[in-house]
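Okay, so here's the structure we're looking at.
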Amino acid sequence: QNNKRPLYGTITSPNYPKPYPNSNESTWNITVPEGYHISLNFLVFDIEPSENCYYDFVKVMADGKELGQFCGSVNSLTNPTRRQFVSTGTQMRIHFQSDFSNELDGDIVPYKGFMAFYQAIDKDECAPPSDNSATWTPPCEHVCHNYVGGYFCSCFPGYHLQSDSRSCKVECSSEMFTEESGFISSPGYPEPYPPDLKCNYSIRLEEGLQISLSFQKPFEIDYHPKARCPYDTLEVFAGDMMLNSFCGSDSPGMVMTRSHTVDIVFETDDSGDSKGWSLHYTSEAIPCPNPKAWDKYTIISPKQNIYRMRDYIVVTCQTGYKIMEDRKELGSFSTICQKDGTWHRPIPRCEIVTCKDPPVLTNGQYKFLTAPGNLEYESVIQYHCNEPYYKMVTAKDSDTFTCSAQRQWKDESGGNKIPLCIPVCGKPDNPVTNFGR
Amino acid sequence: ILHGKKAAPGNFPWQVFISRMGRAGGALIGEHWVLTAAHVLQPENEEKEDNDPTKVHIFMRSLDVNQLLKIGNYPVEAFYVHPKYRRGRYDNDIALIRLKNPVVMGENVSPVCLPSPEDEDDIYQNHRNGYVSGYGQTENRTIANELRYVSVPVVSWSACETYVNDKKLKVKDVSERQKYSLTRNMFCAGFPEESLNKGDSCEGDSGGAYTTPNRQDTWVATGLVSWGIGCGQGYGIYTKVSNYLDWIKSYTEKD
């Protein structure tokens with residue numbers, strides 16, 4: 001009789017398991033929270049039998065109705081142990097009553113009484129009543145979701161749940177889409193759309209993107225064969241310009257808007273039974289022209305078939321070449337495809353690098369083994385000392401130097417120390433000789 | 001040079017003409033280095049030691065003194081006298097002169113080599129001939145304005161020692177006698193026949209190189225003209241360059 005009792009429990013007759021007292025009346029009121037109903041089972045039942053259970057009995061009541069009055073022992077027909085009592089509502093009442101004696105043929109008979117188990121059971125509010133009562137009203141206008149202890153409602157796409165948490169209404173006057181792709185459909189699609197709609201679906205994407213609309217099937221908007229869309233209309237705007245208006249049952253298929261702002265306006269009159277429309281929109285950036293190298297020394301990466309907004313390329317040169325932009329040498333170069341489909345910097349050129357004049361060798365000189373005077377990458381020079389008065393000393397036995405990609409003259413080992421010319425000693429040009437003997 | 005010959009161009013391209021208190025010789029041993037005798041730079045007759053390098057004038061590139069003077073001198077950056085040299089004695093009579101600017105070698109000027117340890121047995125052996133050149137006094141007691149040279153043989157150390165000691169006995173002045181000391185840092189070269197007109201180096205040749213073509217026919221500076229008892233009257237005494245290779249290289253190899 002306490003509302004705060006747990007969601008399950010047992011009820012026993014007075015003095016149970018000892019015989020119940022005479023002239024006793026007891027009542028139990030079971031209450032569970034909203035969203036539940038009550039299930040009751042008798043586990044033990046031993047009440048003085050009588051015709052119509054007139055003397056002693058247990059009465060079960062729920063939902064304003066009496067579910068039965070019971071007495072007897074295990075095998076009697078009026079015993080309720082094989083039944084499950086289930087309430088529709090949140091309350092159940094058990095009433096026990098005994099008369100002044102329990103005698104049979106002058107002998108006192110002890111009756112044990114009863115023990116019952118009750119529990120709260122989640123109520124599926126979404127399910128219609130099993131007795132198909134005509135008065136049942138679904139708890140949700142569109143979709144009902146049951147959960148333990150309650151339920152909630154939701155609406156079909158394009159509809160909004162109203163403040164009563166039950167009914168759904170179309171609200172599509174300012175639908176905004178900012179993802180680069182997505183789906184849009186008429187309210188309730190593919191079920192017939194409601195009357196008196198004035199929907200506006202706005203797609204707003206970054207400048208430089210171009211939106212394409214792909215209308216799906218079924219496509220069905222009320223029309224008249226001899227007048228252009230007199231009832232319901234679907235209009236597509238690109239920016240401020242209307243591209244087209246549609247009705248009927250022929251899907252427009254693909255619509256290329258070439259704009260990054262699109263509005264789809266759908267207006268219906270007060271009648272009709274058409275299924276409506278749906279579309280998948282996608283967007284693509286404006287492609288930039290394929291970058292072309294000016295010469296075979298230019299390396300463009302990454303290589304792509306199409307370059308679109310935000311794609312960028314890096315230009316490098318082959319070894320021994322340098323990047324030149326407007327006669328200015330660059331350490332590195334990259335350019336990005338802009339929203340208007342142009343590259344933000346034109347592709348530069350690659351020019352061969354040159355070395356400075358080779359270091360002068362004191363008491364020696366160099367000569368070109370490649371084209372004389374050419375200081376470009378991979379030109380080769382060889383040093384010589386002024387013989388016979390000097391001889392060469394080299395770091396790694398190399399007198400040959402090549403103009404490297406780093407614009408330095410390097411020997412075969414990669415060193416840049418030029419040889420030394422050191423004087424030859426003890427070798428006179430004209431040693432003294434005596435001819436006379 | 002006594003009883004020598006006029007040198008031809010290219011005979012002794014290492015010959016350096018040094019002018020300080022008087023004339024002297026030297027030997028070019030590298031682009032920056034001239035080897036000479038210590039007493040050329042710190043002579044006995046100088047009142048006090050003067051280490052001013054600007055007073056040392058170096059000439060090269062010609063065999064003619066007048067021409068040398070016209071060509072001009074090679075500025076001296078510094079000179080280094082052997083630390084064990086003492087004025088008035090001739091032991092360790094060796095010095096190095098560092099030139100401010102490198103010498104550009106050619107037909108008329110190129111260095112002489114220093115002897116290698118392998119050369120020693122060859123170039124200092126008794127009777128081994130070598131050549132000494134210079135602009136010093138000739139047999140006519142005139143100075144040579146053109147480079148002259150003479151070939152003189154090495155004399156054994158014992159023969160030289162005997163010769164020097166004999167001469168020493170005839171000297172009465174004690175301080176003079178001290179100069180007559182032959183050390184192992186010296187060797188003698190010349191002819192024993194006193195009465196003959198024989199070749200020798202003489203005053204003005206000091207510091208010049210006594211050179212020997214070694215077995216590889218490379219000319220090496222075997223000695224430096226150091227001292228003697230008169231000229232042409234016995235052996236000339238030369239600084240033994242091979243004893244100073246480490247000292248020389250301690251300077252030159254820094255380059």
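On a predicted model such as this, the values are computed, not experimentally measured, just so you know. By convention in this document, chain letters (A, B, ...) are assigned in the order of the sequence lines, proteins followed by strands, and residues within each chain are numbered from 1.
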Query raised in the report: Which one, B:Ile29, B:Val104, B:Val220, leads in non-hydrogen pairs under 4.5 Å with chain A?
Result: B:Val104
Report task. Find the one option among B:Ala8, B:Pro213, B:Gly106, B:Ser110 whose heavy-atom pairs under 4.5 Å with chain A are most numerous. Result -> B:Gly106
Report task. Calculate, to the nearest 0.5 Å, the distance between atoms CG and OG belonging to A:Leu213 and A:Ser283 respectively. Result -> 11.0 Å
**Report entry** Geometric class of the A:Tyr377/A:Tyr321 ring pair [parallel <30°, tilted 30-60°, perpendicular >60°]
**Finding:** perpendicular
Requested in this report: Going by the salt bridge (charged side-chain N to carboxylate O under 4.0 Å, His left out) test, name the single residue among A:Arg204, A:Arg308, A:Arg310 that passes it with A:Glu180.
Outcome: A:Arg310
Query - Structural part of B:Pro9 lying under 4.5 Å from a heavy atom of chain A - result: backbone
Report summary line: Most heavy-atom pairs under 4.5 Å with chain B, out of A:Pro428, A:Pro388, A:Pro431, belong to A:Pro428
Query raised in the report: Is the distance between the ring centroids of B:Tyr210 and B:Phe187 less than 6.0 Å?
Result: yes
